[in-house]
Amino acid sequence: MAHAATLGALTEELVEVITSTSSQSDPGRFNLLKESSLRRLRHHNFLRTNQFEVEEKLNGFEEHFGVANRDGLADALRERLDALAPISNKFTPEILHLLLQLEDQPIRKSKLTDLELLKEPTESLGPPLKWEDIAKEEGWDKDRDLWKTVNFEGGSSEDEYAESASDISSEADHTSISTVEARYRKTPADFLIVSQDENGLNQVRNTQLWRNAAPSKDAAGRSLKVTISEFHVVREALFMLNGLENTLFDAQGVPSRHYQMQHSSWEAYKALLGSFSEASRQLSVLRKFAKLPQNVPLLQVFREAVERRLQSFDGEISNLQARYVDIQQDVVVSLVRVLDDVKPHLQPLVCLSDIIQQLQQSKYPRPFHYLELLFEAAEVAQLEGSDVVYEFVATIFFECFQVYLRSIRLWMGAGELIDGDKTFFISSASSQVPMSQVWTDQFTLRKTTDGTLHAPRFLQPAASKILTTGKSVVVLKLLGKYQSSGTQTPEPPMQINEDFISEYGVFAPFSEVFNGIFEKWMESKHHAASATLQRTLFESCSLLSVLDALKHVYLMSDGSRSDMFASAIFNNIDLLNSNWHDRFNLTALAQEAFSGLTDAHRIAVSVSADGFKDDVNDIRRSVRRGLPSLRIIYRLSWPIRIVLSDESLTQYQAAFTFLLQLRRASHVLHKYRLVSDNVAGTENNSPDQATYYRLRLKFLWFCNTLHSYLSTLVLGPLTAQLQMNLRQAEDVAAMITSHSTFSKQMIGEMCLGSKLDPIRQCILDIFDLAIKLQDARQLESEREQEEVQELSRLSVMSSSMRHNSRRYVKSGEEEDETFLSEQDKSSMLQDKEKTFAEVLNEIQIDYDRNLKFITSGLKGVARASGDTAAGKWDTLAEMLEVGIKDRR
């Protein structure tokens with residue numbers, strides 16, 4: 001189906017480009033060209049070469065070469081096949097297949113020497129050029145004095161030296177370039193600095209004597225600390241902050257207790273070194289993390305961000321060191337000043353170090369967990385008013401988030417997932433699912449074992465929208481409606497900007513700012529796909545027409561068509577037709593009844609297996625038998641099934657069953673009537689007759705009240721609201737939610753929910769009482785007929801009385817009174833042992849009890865429930881309460 005849709009869309013585009021004809025300019029010619037092109041493409045006879053067969057045949061040749069003792073050929077063939085594999089394309093099997101078709105006894109005729117003919121010939125460069133050959137050609141080989149060293153000693157004058165130097169210079173022009181380079185190439189000895197300042201060297205050595213100095217002892221024999229200058233302490237502290245080895249601090253940043261700074265107390269000195277030591281501990285966490293290898297791209301970008309921040313910090317420390325080395329102005333050497341200068345640069349790194357420590361202490365950290373920690377740290381820094389830390393952390397967050405954004409961008413833009421990406425919160429089913437289930441089952445949100453969403457906490461509110469956008473693109477591709485634009489739509493920037501970082505601080509919470517920026521970014525991806533898919537569902541798939549058809553078929557909005565279908569079923573049940581459940585006849589009846597609708601051929605009716613077990617006599621006497629097993633199906637196209645879920649269709653079926661049961665009770669009360677007693681020449685004005693008509697009126701009133709409630713207060717308003725909500729829906733997910741809400745509200749307001757099951761059972765009891773009332777009246781009519789026949793003396797009169805018996809006939813068919821004459825009526829009737837008055841009294845008692853329970857139950861549930869249908873239940877209770885007041 002997806003291939004056919006894609007082929008159709010590509011064929012339409014091909015016809016438009018080649019013929020310059022479109023479906024709008026010339027529909028007839030366009031459709032003709034399109035169909036002929038599709039027919040040629042679908043039925044072409046040129047199949048693709050089987051690449052596996054080609055590969056198998058080549059491997060067979062290699063084996064044959066080895067068996068025939070042609071190992072050289074076998075090795076050469078394998079070597080070239082291995083070299084061909086990395087550069088193969090889709091035409092490689094075709095070319096190899098052609099060569100195989102041209103082969104002629106390769107084992108006997110193939111020669112290894114033929115492979116040399118395939119090599120490109122090398123150009124003949126001639127003999128190599130040598131200095132000996134040049135010397136012979138120029139005559140240098142006989143001039144022995146040419147290479148002698150010039151002697152500048154003795155009586156040579158300056159003029160002779162100048163002349164000789166000139167000759168040497170001219171001859172040097174003819175030397176090779178390599179000789180010149182060798183002459184000026186520096187050796188390690190050239191970098192040695194010969195210093196004649198012995199005093200300066202000794203001074204430097206004296207300044208470093210403290211590193212190896214042994215501590216002296218006081219008079220009591222206690223070791224004294226080595227005193228060092230503040231300049232040395234500053235240098236050692238700066239080395240330590242740069243991560244370099246030094247004497248004053250060990251590898252863990254712990255200060256040595258053997259030294260003490262001049263002109264300071266031990267407590268002040270220890271406090272200052274403690275501050276530097278804590279900074280070293282925090283920095284060591286960052287430096288160790290920067291050295292760890294990372295395989296996940298999301299963690300790799302975080303490590304790279306940490307490395308760049310450390311490099312920037314090291315640059316700042318180098319600038320501090322330059323202040324004391326390359327002195328441009330007077331500088332006061334102060335350890336406190338250095339600590340104050342370093343603190344602004346240390347504070348953001350300390351926050352970053354805390355984040356890494358939290359990440360390392362997590363038991364099972366997810367790859368994106370550090371993004372959550374960065375997000376939370378940015379919020380905390382903003383609340384504390386630390387703009388430097390806030391900007392620092394927020395910048396790193398957005399840099400790293402760009403990598404996570406790649407998966408979201410690919411999914412929302414092309415509906416694709418990166419293979420093997422376990423960090424993304426959307427997963428695909430391992431196997432292909434039917435197209436009608438692509439929306440619900442193919443792609444789902446990835447969740448952990450405890451049921452939480454496998455996504456950063458700050459993205460969880462938007463996860464459903466991201467999933468919906470990608471699924472919209474997938475469905476559009478299956479429908480052949482997806483159009484990938486060559487130029488990328490510009491995206492709103494996902495980075496730090498003046499909107500939430502400024503010199504005056506920020507008042508909007510970081511979470512709100514991020515949500516606003518990310519919402520704008522998502523909207524640039526979400527709107528186009530969702531709008532296109534919605535337009536396709538409304539226009540190409542006729543969603544509203546399908547909903548209108550469901551309203552007629554399941555919700556019986558057209559009473560005449562529904563009566564035509566239901567009456568045919570009820571007539572077969574009343575006639576005790578054991579084949580009333582024949583699915584072919586039922587389907588034909590439904591399609592005929594709803595023939596005015598579009599696509600009436602999509603309707604199918606069947607009966608579940610439970611319906612075949614019930615006896616037709618039991619089905620006739622109760623609405624609980626037979627009718628619930630009747631299944632009416634309106635076949636939907638797979639794009640419509642996206643909006644109309646299986647659960648919603650099940651709720652449609654429940655509503656249809658309830659409405660069918662209501663029509664069954666109304667049918668029994670309306671469809672058949674007694675032939676007037678005046679026709680038989682007698683009148684029956686007994687109290688039982690009056691009681692019967694009073695009860696019949698109550699049942700009619702109950703059915704009409706319930707039908708009015710369902711049609712005017714439930715189904716009518718809900719369907720109108722559904723259409724409005726579907727048109728105003730933001731995307732397909734909102735449309736699905738709207739329809740699901742509609743079906744659930746419909747079930748609730750129709751009293752078909754689990755909370756109102758006892759009330760629904762009482763309503764069905766009243767429907768059964770209506771059937772029982774009509775059966776009791778039929779039995780009483782039979783008894784009166786037997787009495788009349790017993791008292792009659794004339795057979796003619798008796799025969800006449802038989803043809804004019806009181807019976808139930810179909811409305812409008814009083815002329816044909818013989819259609820029930822052959823039926824066994826005794827099996828159709830109930831309570832034959834009781835009198836008519838007793839049966840009427842029982843029906844009256846049961847009706848009153850059930851009606852009271854329904855009204856009181858509806859009011860109680862309406863008061864106790866917070867459901868939106870509570871108001872409707874209370875309204876129905878007030879409508880039915882009228883029958884109880886009339887009784888009083």
Side-chain angles (χ1 to χ4, degrees), residues 1-54 88-101 410 413-416 428 431-439 442-443 469-489 528-546 598-602 635-643 732:
M1 180 70 74
H3 174 71
T6 305
L7 182 61
L10 293 176
T11 305
E12 290 180 2
E13 185 178 355
L14 180 64
V15 172
E16 289 182 3
V17 171
I18 295 179
T19 64
S20 300
T21 304
S22 64
S23 57
Q24 287 79 16
S25 61
D26 192 353
R29 184 168 181 268
F30 178 79
N31 292 331
L32 179 62
L33 294 173
K34 173 188 172 184
E35 292 300 327
S36 62
S37 301
L38 278 175
R39 195 179 303 111
R40 292 291 298 275
L41 291 173
R42 289 171 178 166
H43 299 91
H44 70 87
N45 297 322
F46 305 103
L47 301 178
R48 183 181 178 185
T49 300
N50 189 344
Q51 58 183 359
F52 303 104
E53 183 180 351
V54 172
S88 297
N89 54 33
K90 61 181 181 179
F91 299 110
T92 302
E94 310 287 344
I95 299 173
L96 293 177
H97 179 70
L98 175 62
L99 296 178
L100 288 174
Q101 294 296 319
L410 180 63
E416 299 174 1
S428 176
S431 59
Q432 199 68 21
V433 301
M435 285 190 289
S436 60
Q437 300 176 11
V438 167
W439 188 274
Q442 183 67 48
F443 301 100
T469 305
K471 289 195 293 188
S472 299
V473 175
V474 172
V475 174
L476 285 174
K477 287 184 176 181
L478 294 176
L479 289 171
K481 302 292 184 180
Y482 175 72
Q483 296 180 353
S484 179
S485 58
T487 59
Q488 293 290 336
T489 305
S530 299
T532 305
L533 182 56
Q534 283 181 288
R535 185 169 59 254
T536 302
L537 290 175
F538 281 118
E539 297 176 1
S540 302
C541 301
S542 304
L543 176 61
L544 294 181
S545 299
V546 172
T598 56
D599 299 333
H601 62 278
R602 294 180 176 271
R635 290 186 291 270
L636 303 171
S637 60
W638 72 265
I640 300 297
R641 291 290 300 274
I642 294 176
V643 180
V732 176

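- Here the side chains of Arg29 and Leu32 are not in contact, with every heavy-atom distance at 4.5 Å or above.
- For the pair Pro93 and Glu53, the minimum side-chain heavy-atom distance is 4.5 Å or more.
- Residues Glu16 and Ser22 bring no donor and acceptor atom of their side chains to less than 3.5 Å of each other.
- Within the 4.5 Å cutoff, side-chain heavy atoms of Leu479 are placed close to those of Trp638.
- Distance check, rounded to the nearest 0.5 Å: CG of Leu10 to CG of Leu38 gives 10.0 Å.
- Side-chain atoms of Arg641 never come within 3.5 Å of backbone atoms of Ser436 as a donor-acceptor pair (strictly under, hydrogens ignored).
- Side-chain contact of Gln442 with Ser428: a donor-acceptor pair under 3.5 Å is present, judged by distance alone.
- In summary, the side chains of Thr469 and Ser472 do not present any donor paired with an acceptor at a separation below 3.5 Å, with no hydrogens or angles considered.
- Closest approach of Ala9 and Gly480 over heavy atoms only: CB-O, 3.6 Å.
- Between the CZ atom in Arg635 and the CD1 atom in Ile640 there is a gap of 15.5 Å [rounded to 0.5 Å].
- The distance from the OG1 atom of Thr532 to the CZ atom of Arg535 is 4.5 Å, given to the nearest 0.5 Å.
- When the shell of 6.0 Å around CD of Gln437 is examined, it contains more than 12 heavy atoms from other residues, nucleotides or ligands.
- From Thr49, atom OG1 reaches atom CG of Leu96 across 10.0 Å, with rounding to the nearest 0.5 Å.
- Ser542 contributes no side-chain N or O that, together with a main-chain N or O of Ser545, makes up a donor-acceptor pair within less than 3.5 Å.
- Side-chain contact between Gln51 and Lys90 is absent, with no heavy-atom pair separated by less than 4.5 Å.
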**Item:** Evaluation steps, side chain to side chain contact (heavy atoms under 4.5 Å, CB included), between Trp439 and Val474
**Value:** CA-CA 9 Å; Trp439 188 274; Val474 172; over 6 Å; no

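- Among all heavy-atom pairs drawn from Cys541 and Pro639, the shortest one is SG-CB, 3.7 Å.
- Take Val15 and apply the side-chain contact (heavy atoms from CB on, under 4.5 Å) test, not counting sequence neighbours, and it matches Thr11, Thr19, Phe30, Leu33, Ser37.
- Although no hydrogens or angles enter the test, the distance criterion places no donor-acceptor pair under 3.5 Å between the side chain of Lys471 and the main chain of Gly415.
- Checked against side-chain hydrogen bond (donor to acceptor under 3.5 Å, both in side chains), Thr92 has the following partners two or more places apart in sequence or in another chain: Asn89.
- Under the 4.0 Å criterion applied to side-chain N and carboxylate O atoms, Glu416 and Lys477 are assigned as salt-bridge partners.
- The CD atom of Gln101 lies 8.0 Å from the CG atom of Leu98; values are rounded to the nearest 0.5 Å.
- Every side-chain hydrogen bond (donor to acceptor under 3.5 Å, both in side chains) that Glu12 has, sequence neighbours left out, goes to Lys34.
- Interatomic distance, Leu537 CG to Lys481 NZ, rounded to the nearest 0.5 Å: 11.5 Å.
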